[in-house]
Every structure is written in structure tokens, then in C-alpha cells.
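This is a predicted model, so every value here is computed, not measured. Below, chain A is the first sequence line, B the second, and so on; all start at residue 1. Computation of the quantities below employed the complete heavy-atom set of this structure, encompassing side-chain atoms and omitting hydrogens, waters and symmetry-equivalent molecules.
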Amino acid sequence: MDDDAGALPLKEDFSAWYNEILWRAEIMDVRYPVKGLYVWYPYGFAIRKFVYQRLRDLLDRDHQETLFPLLIPEQEFMKEAEHIKGFEDEVYWVTHGGTTPLDVKLALRPTSETAIYPMYALWVRSHADLPMKYYQIVNTFRYETKQTRPLIRLREITSFKEAHTVHATWEEASEQVEEAIRLYREFYNGLCIPTLVSKRPDWDKFPGADYTIAVDAIMPNGKTLQIGTVHHLADHFSRTFNITYEDKNGEQKFGQQTCYGISERSIAALISIHGDDKGLILPPSVATLQVVIVPITIGKRHEDVMTAARKLHTELTAAGFRVKLDSRDMRPGAKYYWWELRGVPLRLELGPRDLDAGKVMAVNRIGRKTSIDLSTVTEDVSRLLSEITDALRTRAEDHTRSHLCCAPSLDVLKVKLDEGKVGVVQWCQEKRCADRIEEHTNASILGTDVRSQYVPETEGICIGCGNPGKPTLVGRAY
RNA sequence: GGGGUAGUAGGGUAGCCUGGUCCAUCCUAGAGCGUUUGGGACGCUUUGACGGCGGUUCGAAUCCGCCCUACCCCA
């Protein structure tokens with residue numbers, strides 16, 4: 001090897017790999033001169049667009065998209081006591097209009113409850129208005145004090161998808177929580193990202209919620225990343241913001257609410273979980289380009305090959321694939337590396353030899369080569385792309401399964417966590433034991449009521465105190 | 001929350017302690033020309049920088065102050 005200069009850091013050095021791939025694959029430029037704010041490159045933005053379109057498609061089944069303002073007046077923001085406590089250290093305030101101090105400070109939304117609910121109070125009139133299910137995709141601002149990290153811990157979350165629903169009863173809201181979880185699972189399944197769903201402990205729930213269900217993914221280094229949350233708000237906010245409806249008997253009642261959201265952490269997980277030492281690997285469903293055609297042009301056959309490549313491009317585009325014909329004046333090998341870094345799932349190599357045989361060489365991003373007939377190329381490409389999807393899903397599931405470890409004691413748990421695993425333990429749900437577990441292992445209780453095909457629903461005794469416990473996830477979280 | 005290290009061209013570095021020719025070097029960077037082309041081609045020409053603001057000085061990448069940003073480690 002005299003030339004490995006183009007290589008990425010190995011993925012096992014995850015932090016370095018992650019930082020490097022973001023700019024090498026042109027996802028984000030981290031050089032914007034404000035802490036915690038980053039710039040999307042067009043290529044990364046296109047990935048974001050496809051990912052969010054999938055989420056929109058899912059939500060649009062029975063939600064409606066809307067848009068609320070970025071600025072929230074101080075008195076609205078300050079209405080819900082618990083909510084304030086949870087966010088007050090992280091809020092950016094607009095205090096001036098030009099040089100004039102504002103009479104009423106305006107908060108840049110760290111989340112939108114207090115922007116949305118005053119309007120819900122106006123909109124919700126009768127039981128016939130319920131359930132109300134709206135969502136918006138917006139940027140939010142949080143003055144993070146911990147170390148910021150692109151796509152993972154940001155001061156401007158550029159794409160927070162948040163849904164806010166109102167229901168007549170607590171039970172209906174509760175059912176909506178379950179519906180949201182199903183929806184998120186379907187979303188992440190489409191991205192081939194395995195998820196762990198659990199109920200956050202009380203001290204870690206959303207400020208102002210009855211309870212919080214969270215969706216976590218296991219990153220390559222074994223740390224967990226929260227990639228979605230669903231909150232049952234009960235009537236905490238509706239009492240504060242006076243969201244009432246008239247029921248069938250003519251009585252005024254408070255609405256029961258839920259809210260749930262996903263941020264660009266979904267894209268951090270997508271990149272991290274599927275990528276390898278060569279670069280990104282994008283599942284076909286969200287790949288900016290699903291197929292790249294690399295013509296192998298030599299001497300006199302140049303025009304023949306280019307003509308055939310253009311025809312192939314037209315044919316595949318007409319069939320609905322996102323295809324690019326790479327006709328740049330570069331050596332074919334350089335193009336291979338280029339597109340591998342950018343995660344294009346399928347490459348078609350077309351040269352004179354293939355052309356004579358009526359074939360084209362298909363190479364998938366995981367390294368499998370097959371020669372396919374030009375006459376059946378549309379069906380074959382479709383088949384190969386779904387093979388890639390299946391392979392990515394299986395691989396990611398294997399990773400998740402192999403990183404979950406049952407731990408019967410605190411010491412075993414610590415060892416497993418240090419090995420980069422996520423622990424499944426029994427816990428009695430007392431704060432005192434949680435503190436012991438967290439202190440002993442330098443990790444966090446992620447949650448109970450684990451809904452995962454990877455975690456058995458066993459009964460056992462708490463590893464902190466020996467009393468009856470419930471299966472609980474413990475991990476080192478981002 | 002606490003601590004540490006760093007910022008020089010597209011990327012990577014040297015120079016800084018001890019201020020001094022308009023300032024070096026490497027590359028997969030950019031621009032241009034030519035020869036090439038089944039896994040990162042080669043040759044030649046060329047462009048371009050001292051994180052920001054202020055101070056000291058005849059003179060600052062270098063010394064002083066403040067700020068910004070990044071990365072790493074430990075609660």
C-alpha cells in the first residue's frame with residue numbers, strides 16, 4: 001500500500017470516523033463560527049429531505065402539518081412551572097428590537113408547547129374537534145452547556161419534527177402514545193435502524209409530562225442515542241393554557257394531550273449505524289442517489305459506451321429510480337471510491353466488454369458483484385436494491401442484539417458497560433437503587449417497560465437491593 | 001459542572017520560547033494545459049494562510065489582554 005491517504009479513520013475509532021465522514025461525505029460543514037451550529041451541505045441536506053419525507057408520509061396518514069412561530073412571549077413560556085424548570089437554563093432570549101429594549105422578552109422556542117397551546121385553547125371548542133393531531137417540522141434552539149456534537153447535541157436543532165395532539169380522555173391520549181410508538185418503529189424500520197423502546201424513569205421524563213416513552217438506538221461504540229420521544233402530557237398543559245372542550249353533556253372539560261418528536265439525531269443514527277470503513281452506506285429508501293452508472297470508456301469505443309450508458313440512465317430514471325450517470329473525466333476507480341464514500345447503494349459499471357455481452361456489472365455497496373442482463377435491468381436493479389435493504393437491516397439487528405447483555409449484578413453490569421455493551425438488568429424502580437446503579441457503573445438508567453424483540457420480559461430481583469424488579473435498560477448515553 | 005490541548009491556504013504540518021528580507025513545506029485541495037483511462041493516473045504551470053478584536057513596537061504568525069471556535073479527558 002503506497003496510497004492509503006484517502007482512507008477514513010477506521011470505524012472502530014468511532015468519534016474520529018464520525019467527525020471525518022460528516023465533511024468527507026459532504027453531510028455537514030462544522031466550520032460555521034458559532035458554537036453548536038452547523039451547515040448542511042447539499043448532499044447531506046438531500047438525505048435529510050428523503051428521511052423527513054418518509055416521516056411526513058407516515059404522519060400525513062392521520063395528522064395535519066402546520067407551522068407555529070419561532071418566538072414565544074415570556075409570559076406564555078413561563079406559565080407551566082415544571083416545564084420552565086426543565087428548560088430555563090437552555091433558553092435563548094430575544095431582548096431587543098434593534099436598539100430598543102423589548103417590554104416583553106421573546107424566547108427562541110426550545111420546544112413548541114408554549115407556542116402552540118395558547119392557540120389550541122382557541123381552536124378546541126367541542127368534543128367534535130377532537131382528536132386534534134397536528135405536527136410541524138421546525139428548528140428549535142437550546143443553549144446546550146455540554147459539549148456540542150454535529151447532529152447529536154446542537155444549539156440549533158434544524159429539523160425537529162414535533163406532533164401535538166389533544167384528546168377527550170386520558171385513555172385516548174394513552175392510546176395515541178402507543179400509536180406514535182408504532183409510527184416511529186415503522187419509520188426506523190424503513191431506515192433499517194433497530195430501536196429499543198422503553199419508559200423513561202420519572203426523573204428523566206419530559207418536564208410537564210405524566211410519562212415519557214423513549215426510542216433509543218445503539219451506536220457503533222455501544223453508546224445509546226435517544227432518537228425519539230413520546231410524551232403523555234395528561235391535562236398538565238391544558239389546565240395551564242385552558243384548553244377545554246364541551247362534551248356531549250354540555251360540560252367543559254380539559255383536553256388530554258400528547259406530544260412526540262424526532263430530530264436530526266435520526267440522521268446521526270442512520271449514518272453511524274450503516275456506515276463502514278469506506279464511508280456512508282445509505283439504505284435505498286433514503287439514498288440521495290440509489291444507483292450510479294460508471295461508464296468504462298476506452299479509446300474508440302467511448303461514444304458507444306456513452307450512448308449505451310445514457311440509454312441505461314434514461315431507462316432507470318423512467319422506472320422511478322434515483323440515478324446518476326457519472327460522466328466526469330476521472331478514472332473509473334476514482335469514481336468507485338467517490339461514490340462508496342457517499343454511500344450510494346448500487347453501482348452499475350458499463351464498459352465495452354459488458355456491452356458486447358449485453359450485460360452490465362452491478363456492484364452493491366456491501367461488496368457483492370453480479371452481472372445482470374441489460375434486457376432485464378429494471379427488475380434486477382429493483383431486486384438488488386431490496387437485497388441491500390434486507391442486508392443492512394439484518395446487519396444492524398445483529399449489532400444491536402450482540403450489544404445487549406443481561407447483567408445479574410452491579411459488577412457484571414459495569415464490566416459489560418465498559419466493554420461497550422448496553423445492560424439489561426432487574427431494577428425495583430426505587431430512586432435509591434437507581435442512584436446506586438448509576439454511580440457504580442457511570443451509566444444511566446434508560447428505562448423500564450422495555451418493548452423490544454431483543455430483550456426478554458423476565459422477572460427477577462433488583463440488582464441494587466434484592467427486592468422484586470423489572471427488566472431495565474442501562475447504558476452510556478450521548 | 002471540572003480540567004487539558006489546540007486554531008497558520010481546501011486539508012495536514014513547521015516556524016512561536018529568542019519579534020526582523022511580504023512568510024516555509026506536504027497532499028488526496030483549487031485553477032489551467034497536455035498525455036491518459038476495467039479499482040484512487042502522470043507531467044508541467046499556477047492560486048492561496050497566520051481564528052477575531054485590541055495593545056506593545058520602527059516592525060507581530062511570534063510578546064500581552066480579551067473574545068470566539070474546535071477536540072480530548074474526568075464528574
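Atom CD of Glu144(A) is separated from atom P of rA70(B) by 13 Å (rounded to the nearest Å). In this structure, the CE atom of Met306(A) is 17 Å from the P atom of rU37(B), given to the nearest Å. Rounded to an integer number of Å, the gap from Leu348(A) CG to rG38(B) C1' is 15 Å. The CG atom of Leu154(A) sits 11 Å away from the P atom of rA70(B) (whole-angstrom rounding). Rounded to an integer number of Å, the gap from Tyr336(A) OH to rA41(B) P is 11 Å. One interatomic measurement links the two molecules: CD of Glu26(A) to P of rG11(B), which rounds to 14 Å at whole-angstrom precision. For Arg153(A) and rG1(B), the CZ to P distance is 12 Å, given to the nearest whole Å. Spacing between atom NZ of Lys35(A) and atom P of rC67(B) amounts to 15 Å, rounded to whole angstrom units.
Taking atom C1' on both nucleotides, rG15(B) is separated from rA9(B) by 16 Å, rounded to a whole Å. Comparing the same atom, P, in rC68(B) and in rC53(B) gives a spacing of 15 Å after rounding to whole Å. Here, rC64(B) and rU56(B) have their C1' atoms 7 Å apart, quoted to the whole Å. Across the P atoms, rU28(B) and rG43(B) are found 9 Å apart, a figure rounded to whole Å. Atom C1' of rC71(B) sits at a distance of 26 Å from the matching atom of rA24(B), rounded to the whole Å. To the nearest whole angstrom, the two C1' atoms, one in rC22(B) and one in rA49(B), are 13 Å apart. rC67(B) sits 37 Å from rU25(B) when the P atoms are compared, rounded to a whole Å. With P as the reference atom, rA29(B) and rG11(B) are 13 Å apart, rounded to whole Å.
In this structure, Tyr260(A) has its ring center at least 6.0 angstrom away from the ring center of His164(A). Phe237(A) has its ring centre less than 6.0 Å from the ring centre of Tyr117(A).
Listed nucleotides: rG40(B), rG1(B), rU37(B). Nearest to the side chain of Thr145(A): rG1(B). Between rU36(B), rA70(B), rG39(B), one nucleotide has an atom nearer to the side chain of Asp329(A) than all others, and that is rU36(B). Out of rG39(B), rG10(B), rC71(B), the shortest distance to the side chain of Arg31(A) is found at rG10(B).
Ion pairing of Asp210(A) with Lys205(A) is absent here, as no side-chain N (NZ or NE/NH1/NH2) approaches a carboxylate O to less than 4.0 Å. For Glu379(A) and Arg383(A), the salt-bridge test fails: no basic side-chain N is under 4.0 Å from an acidic carboxylate O. Remark: Asp326(A) engages Arg328(A) in a salt bridge, criterion side-chain N to carboxylate O under 4.0 Å. One finds no salt bridge joining Asp411(A) and Lys414(A) here, because no Lys/Arg side-chain nitrogen approaches an Asp/Glu carboxylate oxygen to under 4.0 Å. Note on Glu82(A) versus Lys85(A): no salt bridge recorded, every NZ/NE/NH1/NH2 to OD/OE distance being 4.0 Å or above. With respect to the salt-bridge test (charged N to carboxylate O, under 4.0 angstrom), the residues Arg342(A) and Glu26(A) qualify.
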Using atom names, set out every protein N or O paired with an N or O of nucleotides 51-53 of chain B below 3.5 Å, distance rounded to 0.1 Å.
none

Enumerate all atom pairs, one protein N or O and one N or O from nucleotides 72-75 of chain B, separated by less than 3.5 Å.
unit_1	atom_1	unit_2	atom_2	d
rC72(B)	OP1	Ser15(A)	OG	2.7

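The base of rG39(B) is not paired with the side chain of Glu349(A) by any donor and acceptor separated by under 3.5 Å.
The closest side-chain donor-acceptor pair between Asn139(A) and Glu156(A) falls under 3.5 angstrom. Side chain to side chain, Thr448(A) and Trp427(A) fail the donor-acceptor criterion of an N or O pair below 3.5 Å.
Within the 4.0 angstrom heavy-atom criterion, no nucleotide atom of any strand lies near Glu438(A). Within 4.0 Å (heavy atoms only), Arg301(A) reaches no atom of the nucleic acid at all.
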Using Watson-Crick or G-U wobble pairs with both distances under 3.5 Å, give me RNA chain B in dot-bracket, 5' to 3', with [ ] for crossers and | for pairs to another strand.
-> (((((((..((((......[...)))).(((((((.....)))))))...(((((..]....)))))))))))).
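Along RNA chain B, the nucleotide nearest Leu355(A) and the nucleotide nearest Arg155(A) are compared for position; the residue whose nucleotide lies closer to the 5' end is Leu355(A).
Cation-pi contact between Arg155(A) and Tyr143(A): present, with separation from the ring centre below 6.0 Å and deviation from the ring axis of at most 45°.
A distance of 13.5 Å separates CG of Asp216(A) from NZ of Lys223(A), quoted to the nearest 0.5 Å.
Side-chain nitrogen and oxygen atoms of Arg331(A) include at least one within less than 4.0 Å of the OP1 or OP2 phosphate oxygen of rA41(B).
Tested against Arg109(A) for a side chain to side chain contact (heavy atoms under 4.5 Å, CB included), the candidates Thr114(A), Val138(A), Leu71(A) yield a single pass: Val138(A).
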